[in-house]
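The structure under discussion appears below in the form of structure tokens.
Computed from a predicted model, the values in this text were never measured in an experiment. One-based numbering along the sequence shown.
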Amino acid sequence: AASSFYRRALDLDPANTALLTDAGYFLYLQQDYDGAAPLLEQAVGLDPQDGRALSNLGLVYGMQGRVDDALTCFHRSQPAAEALQSLAYIHQQRQEWQLALACFREAHSVDPGIEVPPELTTRVLALREKARTSGLTVPEELPTPETELASLSVDAPLDFPEIEPVDHAWPQGAPIDSADAIAKEA
């Protein structure tokens, strides 16, 4: 039901940044990352400073495995420590526990107010012990933020597609600002 409201609202107002962001986040929650990305890219193309659109796009890129792009979005929309914390969240969602731990440690080094979740440390240590008892070679040291994050670039700008302006008449003379307005009409 919600997806049909978003489709209808976007048909009426395809250049509404808030609506594009909400629709993209809705698709992210449905794990439709390929559907969410273009909507959020369009929202960021319309308003490159929209923190909500950038953060949501970072979540989508992260879940797609586009870590550099995700971190760039997070850095454009959040303070450095929070950007690293957001990346840690992505790694947790992807069950990349050591990378999540490295990101949390780096975030904590930037802002000591950000705590490394003890359950994450416990999980990584348990996985290391399981690997060791299974006969796998396990490095003695946990990855450091420097080794895990060294390849990530936060300076490279993202190339967002050019957005063509849409010229259309509004029904009853007023634009629709969100799917909520559509729902009230139904």
Is there a donor-acceptor pair closer than 3.5 Å between any side-chain N or O of [X] and the backbone N or O of [Y]?
| X | Y | result |
| --- | --- | --- |
| Gln42 | Pro14 | yes |
| Arg76 | Pro48 | yes |
| Gln92 | Ala100 | no |

How long is the gap from [atom1] on [X] to [atom2] on [Y], to the nearest 0.5 Å?
| X | Y | atom1 | atom2 | value |
| --- | --- | --- | --- | --- |
| Tyr61 | Asp68 | OH | CG | 12.0 Å |
| Leu101 | Leu127 | CG | CG | 11.0 Å |
| Leu99 | Ile90 | CG | CD1 | 12.5 Å |
| Asp111 | Ile114 | CG | CD1 | 4.5 Å |
| Leu87 | His75 | CG | NE2 | 8.0 Å |
| Leu54 | Ser86 | CG | OG | 11.5 Å |

Thr21 side chain reached by Thr17 side chain, heavy atoms, under 4.5 Å: yes

Arg105 vs Leu84 side-chain heavy atoms within contact, under 4.5 Å: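 SC-SC contact between Arg105 and Leu84 ruled out.
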
Excluding sequence neighbours, so at least two apart, what forms side chain to side chain donor-acceptor pair (under 3.5 Å) with [X]?
| X | value |
| --- | --- |
| Glu82 | none |
| Arg7 | none |
| Gln85 | none |

Derivation of the side-chain contact (heavy atoms from CB on, under 4.5 Å) call for Glu119 and Thr121: CA-CA 5 Å; Glu119 66 276 5; Thr121 303; over 6 Å; no

For [X] and [Y], which heavy atoms make the closest approach, and how far apart are they?
| X | Y | value |
| --- | --- | --- |
| Phe74 | Gly58 | CZ-C, 3.4 Å |
| Ala81 | Ala107 | O-CB, 3.4 Å |
| Ala43 | Leu20 | CB-CB, 3.8 Å |
| His91 | Cys103 | CD2-SG, 3.7 Å |
| Ala36 | Gly24 | CB-O, 3.2 Å |
| Leu46 | Ala15 | CD1-O, 3.4 Å |

Residues forming a side chain to side chain contact (heavy atoms under 4.5 Å, CB included) with Tyr33, sequence neighbours excluded: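 With neighbours one apart ignored, the set is Tyr28, Gln31, Val60, Met63, Gln64.
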
Pairs flagged by salt bridge (charged side-chain N to carboxylate O under 4.0 Å, His left out) wherever residues 51-63 is involved - sequence neighbours left out: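 The answer is Asp22-Arg52.
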
Pairs touching residues 92-132 that satisfy ring-ring contact (aromatic ring centres under 6.0 Å, His included), sequence neighbours left out: none

Gln30 and Tyr25: side chain donor to acceptor below 3.5 Å: no

Tyr6 vs Leu27, side-chain contact (heavy atoms from CB on, under 4.5 Å): CA-CA, chis, key distance, verdict: CA-CA 10 Å; Tyr6 282 119; Leu27 292 174; over 6 Å; no

